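See below for the structure under consideration.
Note that this is a predicted model, so its numbers are computed, not measured.
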Amino acid sequence: QFTQLSYRIAPANMYSSSLQMENRPKYYGREFHGMISREYADELLAGAEGAYLIRESQRQPGTHTLALRFGHQTLNYRLFYDGKHFVGEKRFESVHDLVTDALITLYIETKAAEYIAKMTTNPIYEHLGYTSLLKDKMVHRLSRGRTEPRRVTFQRDEKISSPLVRQSALKDTPEKQCSYEKIHNFKVHTFRGPHWCEYCANFMWGLIAQGVRCSDCGLNVHKQCSKLVPSDCQPDLRRIKKVFSCDLTTLVKAHNTTRPMVVDMCIREIELRGMTSEGLYRVSGFSEHIEEVRLAFDRDGEKADISASAYADINIIAGALKLYLRDLPIPIITFDLYSKFIQAAKIPSAESRLEAIHENLLQLPPAHYETLRYLMAHLKRVTQLEKDNLMNAENLGIVYGPTLMQPPEQNALTTLNDMRQQKLVMQLMIEHEDVLF
């Protein structure tokens with residue numbers, strides 16, 4: 001239906017001015033008619049569908065209006081220029097392209113309004129192999145390899161003197177579903193040649209920016225359809241350009257793993273040969289070598305060589321792990337949960353404090369939760385060798401607090417004020433890793 005309509009659209013036709021305009025802006029041509037009234041513009045364009053001109057507004061001198069003839073009436077739009085011409089979200093190299101796109105959109109929205117309204121009522125998306133096959137495969141793969149978050153209650157054990165040592169009673173948590181869902185990363189896209197929406201199967205109209213494309217999986221849909229697509233993005237490895245600074249959930253879904261390869265490989269290497277290294281995670285490795293490790297992961301992925309023959313100093317591997325976690329676009333402790341963890345650390349009661357931290361952990365995205373669980377179990381093992389590496393839970397909390405917890409607003413004063421709470425959250429998660437996770 002849309003392709004048939006597109007052939008009947010009146011072509012854009014510039015109404016040229018025969019006058020020499022001294023005040024004509026350099027980015028407009030003969031379509032500029034100076035300061036004329038809406039009524040006069042209507043007279044000039046009368047009877048010529050698709051005709052257009054630009055005039056300077058009489059009400060607001062210095063601003064410009066696009067007058068466009070469509071549907072036997074003259075439509076007026078405020079026109080802007082910032083290197084490209086636009087009246088809305090789309091930017092165009094020329095006014096002619098802008099008008100052409102506007103005529104296509106106006107014609108289709110006018111002649112097929114009822115059809116457009118019904119486009120999303122019976123989508124084909126759920127019947128496509130993409131959303132069923134890949135989703136089932138991912139859920140099955142991950143269900144074998146990860147520990148379900150568990151809800152616990154903290155009770156005082158009267159036989160134990162330490163106020164922080166608690167028994168945990170497990171109970172079911174049906175409200176906490178554990179799946180690696182990921183929203184699509186849609187961005188406005190210009191398609192070359194005819195394109196159809198992969199949600200509603202209808203034509204994507206317009207001259208440019210006809211719809212949006214997910215930059216992680218390549219799904220192409222109308223902008224209005226993008227709001228209805230479920231959070232089932234399955235990233236394509238060919239679209240993932242790097243490992244470091246890549247969204248955590250995007251990376252694990254692209255590689256079909258439970259945790260980022262960087263975390264698994266670095267921790268495995270550290271536990272193989274570095275657990276007794278004095279000052280582990282506190283002592284810095286050479287920054288040039290850490291950068292080499294980063295480049296190796298970005299280039300080679302899981303084939304990156306981080307063995308002792310390549311990097312004898314274990315602090316380089318520890319530094320690369322911290323760099324990876326620090327450079328995540330969304331930290332392990334996500335921005336939206338940051339303040340909740342900070343407030344939990346301020347609770348005076350030890351039991352209530354642990355309960356609050358645990359409740360916050362259950363709200364983390366599954367990939368973040370699993371990565372944090374694995375990391376805390378590793379750091380707990382590091383503290384068990386404190387007599388050799390001199391790193392206890394408090395020391396590790398100081399190191400990892402700012403790495404895993406970053407305030408939404410990158411404010412130095414906020415970070416400084418929250419350092420004590422950041423350290424305490426990390427310390428408690430390490431000390432009570434077996435209970436909290």
Side-chain angles (χ1 to χ4, degrees), residues 146 180 240 242-255 257-271 274-275 279-285 287 289-298 301-302 304 306 311 314-338 341-342 357 360-361 364-383 391 393 395-408 410 415 418-419 421-430 433 436-437:
R146 79 180 295 270
Y180 280 51
I240 307 301
K242 56 186 178 180
V243 172
F244 276 62
S245 301
C246 176
D247 173 69
L248 192 152
T249 302
T250 299
L251 188 69
V252 298
K253 290 205 71 173
H255 287 272
T257 58
T258 55
R259 294 175 299 274
M261 70 184 78
V262 179
V263 174
D264 277 7
M265 291 175 63
C266 287
I267 287 179
R268 187 161 54 242
E269 193 67 25
I270 290 167
E271 296 202 348
M275 294 291 278
L280 181 63
Y281 290 117
R282 179 177 55 80
V283 176
S284 299
S287 57
H289 294 161
I290 292 174
E291 180 65 13
E292 287 178 9
V293 173
R294 183 186 72 80
L295 293 173
F297 274 114
D298 282 344
E302 59 187 11
I306 58 172
Y311 301 99
I314 198 64
N315 294 312
I316 295 171
I317 309 305
L321 175 59
K322 290 189 295 180
L323 176 63
Y324 170 77
L325 296 169
R326 188 167 57 248
D327 281 358
L328 286 172
I330 301 176
I332 294 291
I333 302 297
T334 56
F335 291 127
D336 58 331
L337 290 174
Y338 175 85
F341 277 94
I342 294 298
I357 290 175
N360 293 336
L361 288 171
L364 286 172
H368 288 239
Y369 177 94
E370 174 60 24
T371 302
L372 185 60
R373 181 197 68 79
Y374 189 76
L375 177 63
M376 291 300 112
H378 162 67
L379 295 180
K380 181 70 172 285
R381 292 190 289 272
V382 171
T383 64
M391 295 299 288
N395 293 336
L396 290 169
I398 294 172
V399 172
Y400 269 98
T403 300
L404 303 183
M405 299 181 66
Q406 300 170 29
Q410 297 300 318
T415 303
D418 292 346
M419 283 184 65
Q421 286 75 34
Q422 291 176 349
K423 184 265 294 182
L424 182 57
V425 169
M426 291 300 120
Q427 179 181 341
L428 292 176
M429 285 198 291
I430 295 169
E433 166 270 331
L436 290 171
F437 296 91

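- Residues Val263 and Leu325 meet the side-chain proximity criterion, which asks for heavy atoms closer than 4.5 Å.
- Distance check: Thr371 OG1 to Leu251 CG gives 9.5 Å after rounding to the nearest 0.5 Å.
- Using a 4.5 Å cut-off on side-chain heavy atoms (C-beta onward), Leu361 and Met429 make contact.
- Atom CG of Leu375 and atom OH of Tyr400 lie 5.0 Å apart (nearest 0.5 Å).
- Between Met376 and Leu436, every side-chain heavy-atom pair lies at or beyond the 4.5 Å cut-off.
- In this structure, the side chains of Ser245 and Leu328 stay at 4.5 Å or more apart for every pair of heavy atoms.
- Within the structure, the salt bridge (Lys or Arg N to Asp or Glu O under 4.0 Å) test picks out the following pairs touching residues 262-271 (sequence neighbours left out): Arg259-Asp264, Glu269-Arg273, Glu271-Arg381.
- Crowding of Glu291 atom CD: a count of heavy atoms from other residues, nucleotides or ligands under 6.0 Å exceeding 12.
- Every residue two or more places apart in sequence or in another chain that forms a side-chain contact (heavy atoms from CB on, under 4.5 Å) with Pro331 is listed here: Phe335, Gln406.
- Evaluation of the ring-ring contact (aromatic ring centres under 6.0 Å, His included) rule for Phe297 yields no partner, not counting sequence neighbours.
- Checked against side-chain contact (heavy atoms from CB on, under 4.5 Å), Asn315 has the following partners two or more places apart in sequence or in another chain: Ser277, Val283, Asp313.
- Contacts of Asn395 classified as side-chain contact (heavy atoms from CB on, under 4.5 Å), with partners at least two apart in sequence or in another chain: Met391, Asn392.
- Residue pairs meeting the side-chain hydrogen bond (donor to acceptor under 3.5 Å, both in side chains) criterion with at least one member in residues 316-330, sequence neighbours excluded, do not occur.
- Between Lys380 and Thr383 there is a side-chain heavy-atom pair separated by less than 4.5 Å.
- Side-chain atoms of Val243 and Pro260, non-hydrogen and from C-beta on, never get closer than 4.5 Å to each other.
- Between the side chain of Asp247 and the main chain of Thr250, a donor-acceptor pair closer than 3.5 Å is present.
- Inter-residue side-chain proximity for Leu404 and Met426 is flagged as met; some heavy-atom pair is nearer than 4.5 Å.
- With hydrogens and angles ignored, the 3.5 Å screen pairs no side-chain donor or acceptor of His378 with any backbone N or O of Ile267.
- In this structure, Thr403 contributes its side chain and Val399 its backbone to a donor-acceptor pair below 3.5 Å.
- Of the inter-residue distances, the one linking Leu379 atom CG with Ile430 atom CD1 reads 4.5 Å to the nearest 0.5 angstrom.
- Considering only heavy atoms from C-beta on, Leu364 comes within 4.5 Å of Thr334 through its side chain.
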Derivation of the side chain to side chain donor-acceptor pair (under 3.5 Å) call for Tyr338 and Gln422 = CA-CA 9 Å; Tyr338 175 85; Gln422 291 176 349; 3.0 Å; yes

